[in-house]
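Scroll down for the structure; my scribbles are underneath it.
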Amino acid sequence: MSLKQALKVKIDEFRPRTTRLTKEFGKVVIDQVTIDQAIGGARDIRCLVTDISYLDPQEGIRFRGKTIPETFEALPKAPGSTYPTVESFWYFLLTGDVPTQAQVDEVAAEWKTRQDVPSYVFDAIRGLPRDSHPMVMLSVGLLALQKDSKFVHFYNSGAFNKGTAWEYVYEDASDIVARIPVIAAFIYNLKFRGDTQVGIDPTLDMGANFAHMIGQSDEYKDVARMYFILHSDHESGNVSAHTTHLVHSALSDPYYAYSAGLNGLAGPLHGLANQEVLDWTLKFQAKYCKDQEPTKELITKALWDTLNAGQVIPGYGHAVLRKTDPRYMSQREFCLATPGLREDPLFKLVSMIFEVAPGVLTEHGKTKNPWPNVDAQSGVIQWYYGVKEWDFYTVLFGVGRALGCMANITWDRALGYAIERPKSVTTAMLEKWAEEGGRKLA
Ligand code: NMX
Ligand code: MLT
């Protein structure tokens, strides 16, 4: 049974659960909204639904019910590796089932047939100023593919219906996850390797092929696999996933939706924080460590300088998490287990920041979570393997995040989620309800 057929079985089984909840229990209250939530970024309001992943503030992310170590353990591994292929993870995210090796091989073979990127996409990227940010190039490249959207063709065919619409989202989603690493590698080679382009190796899995296309070593294959899986999904309220969901809820196709999601990922409070971390760390080295080793005292001073200048410490804090991000720990464990990397001066510096920053942020007293997030650790690994152009790091995040966003909108369409349209109120209304002690609910 192909992945699409397996998914159809899952969807057919699942749909009655959503229908029953809306029909029989639609008026059951699951949350309330306060003024600070309305003004403060809708924090913690339970008003989105996804079964792809769940983020617990203490434990961190679970993909389809599994923690990161459980996910890595359960999935079939890439040849000669202790890490799973991205293809096996895609099967798992979509269906919730751990695939067999034969099922993984089928997905890998299918992705090969979807991987070709038309030359007009590369032309569109080449047409941009060469000093455009790589995230602009990725977003433009993805959007340029939109004319091939199978969902749009279905919508315009006259045969559109809600029951099978998800199948066309699935087709676009699969094309996007297969093609986005190829676009990302093109951008890297265009901007940072003198436009030395490398063709797809059809014998390699997605992570290994990405390493091959950007001219990386064998060791980097696992870095790519780990990186794309770790960055894939963080339930559906984060900016990139939520934007993708919102845009797709208007029945904009997956290309429009994920291009928009990428634009959200490019914000410094979201995915761009990974490049900000490297920038901060290297500036610290250049300023304080020319003639001396980094010390906790020097780091403490630099952190306070940043905070006193009114800036955030990149890579620290989180809107949901209240502990160290397990994605941080997973990457840290990779570093500690890798000879060379564990002795690397930049990794040691990042580790020392980890020892100091939570205390400084706690003393500073503003953030609800002084612990590091995924971005505090990811750049140092890329840097060690020679991917030193840190404005590319958010593109790597975007390649991984495509998996979660595409799995989510495939299920959004399967379950017929409505166009998203929360209700606005005015400041005067808030003031009135504040005086009255709350809005009178019917
Ligand atoms: N350094 C300094 N101040 C911080 C930090 C930080 N790392 N994190 C939060 N704060 C401040 C925040 O700016 C806010 O200040 P104010 O009251 O003046 O507006 C206050 O603490 C309360 O914020 P929180 O409720 O703790 O955090 P919030 O949910 O609003 O924001 C982040 C979450 C992740 C945007 C925030 O922690 C942050 O800006 N972190 C640094 C940037 C970063 O690492 N982003 C990547 C997140 C992960 N990702 O990949 O998307
Ligand atoms: C993410 O992976 O999207 C970030 O950790 C931000 C979030 O979850 O809000």
Side-chain angles (χ1 to χ4, degrees), residues 34 36-37 39-45 48 50 52-57 59-63 68 135 227-245 258 261-281 299-300 302-331 350 353-354 356-379 390 393-405 408:
T34 59
D36 63 359
Q37 287 174 310
I39 292 176
R43 199 71 78 255
D44 282 339
I45 302 170
L48 291 167
T50 177
I52 309 288
S53 68
Y54 181 75
L55 183 61
D56 180 83
E59 184 191 56
I61 194 69
R62 277 182 184 254
F63 303 117
I68 292 167
M135 282 300 278
Y227 203 94
F228 296 147
I229 292 173
L230 286 182
H231 287 82
S232 61
D233 206 32
H234 221 222
E235 65 174 36
S236 55
N238 67 75
V239 170
S240 47
H242 187 196
T243 306
T244 307
H245 163 81
Y258 194 51
L262 286 169
N263 298 342
L265 190 68
L269 297 188
H270 190 20
L272 203 82
N274 59 10
Q275 83 167 54
E276 304 273 285
V277 168
L278 244 275
D279 190 38
W280 190 96
T281 312
I299 294 170
T300 303
L303 291 169
W304 276 111
D305 285 351
T306 302
L307 292 169
N308 290 335
Q311 290 158 17
V312 295
I313 307 297
Y316 282 76
H318 201 275
V320 179
L321 282 166
R322 294 295 174 259
K323 283 268 170 71
T324 296
D325 190 336
R327 300 172 297 176
Y328 177 94
M329 290 312 288
S330 186
Q331 294 178 90
V350 164
I353 297 170
F354 180 33
V356 177
V360 171
L361 281 166
T362 303
E363 196 181 327
H364 183 243
K366 271 194 172 183
T367 179
K368 296 185 191 69
N369 174 37
W371 301 103
N373 60 59
V374 65
D375 296 320
Q377 186 64 249
S378 56
W390 63 85
Y393 295 173
T394 313
V395 169
L396 295 169
F397 196 152
V399 172
R401 185 50 53 98
L403 298 158
C405 290
N408 266 295

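Order of appearance sets the numbers: ligands from 1, and atoms from 1 within every ligand. Position 1 is the first residue of the sequence; numbering continues from there.
Interface atoms of ligand 1 facing Ala273, defined by a heavy-atom separation under 4.0 Å, are 43 (C), 44 (O), 45 (N), 46 (C). Of all atoms in ligand 1, numbered sequentially from 1 with element shown, those under 4.0 Å from a heavy atom of Ala319 are 29 (O), 33 (C). For ligand 2, the atoms sitting less than 4.0 Å from at least one non-hydrogen atom of His318 are 4 (C), 5 (O), 6 (C), 7 (C), 8 (O), 9 (O), numbered in the order shown with element in parentheses.
Residue contacts with ligand 2, taken as heavy atom pairs separated by less than 4.0 Å, do not involve His231 at all. Contacts with ligand 1 closer than 4.0 Å are made by no heavy atom of Val277, backbone or side chain. Proximity of Asn373 to ligand 1, defined as any heavy-atom pair under 4.0 Å, is confined to the side chain (atoms from C-beta onward). For Asn274, no heavy-atom contact with ligand 1 is shorter than 4.0 Å.
Distance check on atom 22 (C) of ligand 1: some protein heavy atom falls below the 4.0 Å cut-off. Protein non-hydrogen atoms do not reach within 4.0 Å of atom 19 (O) of ligand 1. For atom 12 (C) of ligand 1, no protein heavy-atom neighbour is found at a distance under 4.0 Å.
Comparing heavy-atom distances from atom 24 (P) of ligand 1 across Lys368, His234, Arg401, Arg43 singles out Lys368 as nearest. One option in Thr394, Leu269, Ile313 has a heavy atom closer to atom 45 (N) of ligand 1 than any other, and that option is Leu269. Of the candidates Asp44, Leu307, Val239, it is Leu307 that places a heavy atom closest to atom 2 (C) of ligand 1. Of the candidates Gly317, Pro314, Pro268, the one placing a heavy atom closest to atom 37 (O) of ligand 1 is Gly317. Here the shortest heavy-atom distance to atom 5 (O) of ligand 2, taken over Arg327, Glu235, Arg401, His270, belongs to Arg327.
Between the side chain of Asp375 and the backbone N or O of Ala273 there is no donor-acceptor pair closer than 3.5 Å. In this structure, Asn373 contributes its side chain and Gly317 its backbone to a donor-acceptor pair below 3.5 Å. No donor-acceptor distance shorter than 3.5 angstrom exists from the side chain of Glu235 to the backbone of Thr50, with no hydrogens or angles considered. A donor-acceptor contact shorter than 3.5 Å links the side chain of Tyr258 to the backbone of Gly398.
The protein heavy-atom contact nearest to atom 3 (N) of ligand 1 is Val312 CG1, 3.9 Å. Closest to atom 9 (O) of ligand 2 among all protein heavy atoms lies Asn238 CB, 3.3 Å. Ranking the protein heavy atoms by distance from atom 10 (N) of ligand 1 puts Thr367 CB, 3.6 Å first. Looking only at heavy atoms of the protein, atom 48 (C) of ligand 1 is closest to Asp375 OD2, 3.5 Å. Closest to atom 27 (O) of ligand 1, if we only count protein heavy atoms, is His318 O, 4.5 Å. Shortest contact from atom 51 (O) of ligand 1 to any protein heavy atom: His270 ND1, 2.7 Å. Closest protein heavy atom to atom 8 (O) of ligand 2: His234 ND1, 2.7 Å. Of all protein heavy atoms, the one closest to atom 16 (P) of ligand 1 is Lys366 NZ, 4.0 Å.
The distance from atom CG of Leu307 to atom CG of Leu303, rounded to the nearest 0.5 Å, is 6.5 Å. Atom NZ in Lys323 sits 13.0 Å away from atom CG in Asp325 (nearest 0.5 Å). Of the inter-residue distances, the one linking Arg327 atom CZ with His231 atom NE2 reads 6.5 Å to the nearest 0.5 angstrom. In this structure, NE2 on His234 lies 10.0 Å from NE2 on His270, to the nearest 0.5 angstrom.
Of the N or O atoms in Tyr316, one or more lie within a sub-3.5 Å distance of an N or O in ligand 1. Residue-to-ligand polar distances place Gly315 within reach of ligand 1: an N/O pair is separated by less than 3.5 Å. In terms of N/O distances under 3.5 Å, ligand 1 is not approached by Phe397.
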Pair Leu230-Ile68, side chain to side chain contact (heavy atoms under 4.5 Å, CB included): steps then yes or no: CA-CA 8 Å; Leu230 286 182; Ile68 292 167; 3.6 Å; yes

Derivation and outcome, side chain to side chain contact (heavy atoms under 4.5 Å, CB included), residues Arg401 and Leu262: CA-CA 9 Å; Arg401 185 50 53 98; Leu262 286 169; over 6 Å; no

Steps toward side chain to side chain contact (heavy atoms under 4.5 Å, CB included) verdict (Tyr393, Ser378): CA-CA 8 Å; Tyr393 295 173; Ser378 56; 5.8 Å; no

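Phe354 places a side-chain heavy atom less than 4.5 Å from the side chain of Tyr328. Between Asn408 and Thr244, every side-chain heavy-atom pair lies at or beyond the 4.5 Å cut-off. Looking at Gln275 and Leu272, their side chains come closer than 4.5 Å, going by heavy atoms from C-beta outward.
When each of Thr367, Asn369, Thr324, Asn238 is paired with His318, the side-chain contact (heavy atoms from CB on, under 4.5 Å) condition holds for Asn369 and for no other.
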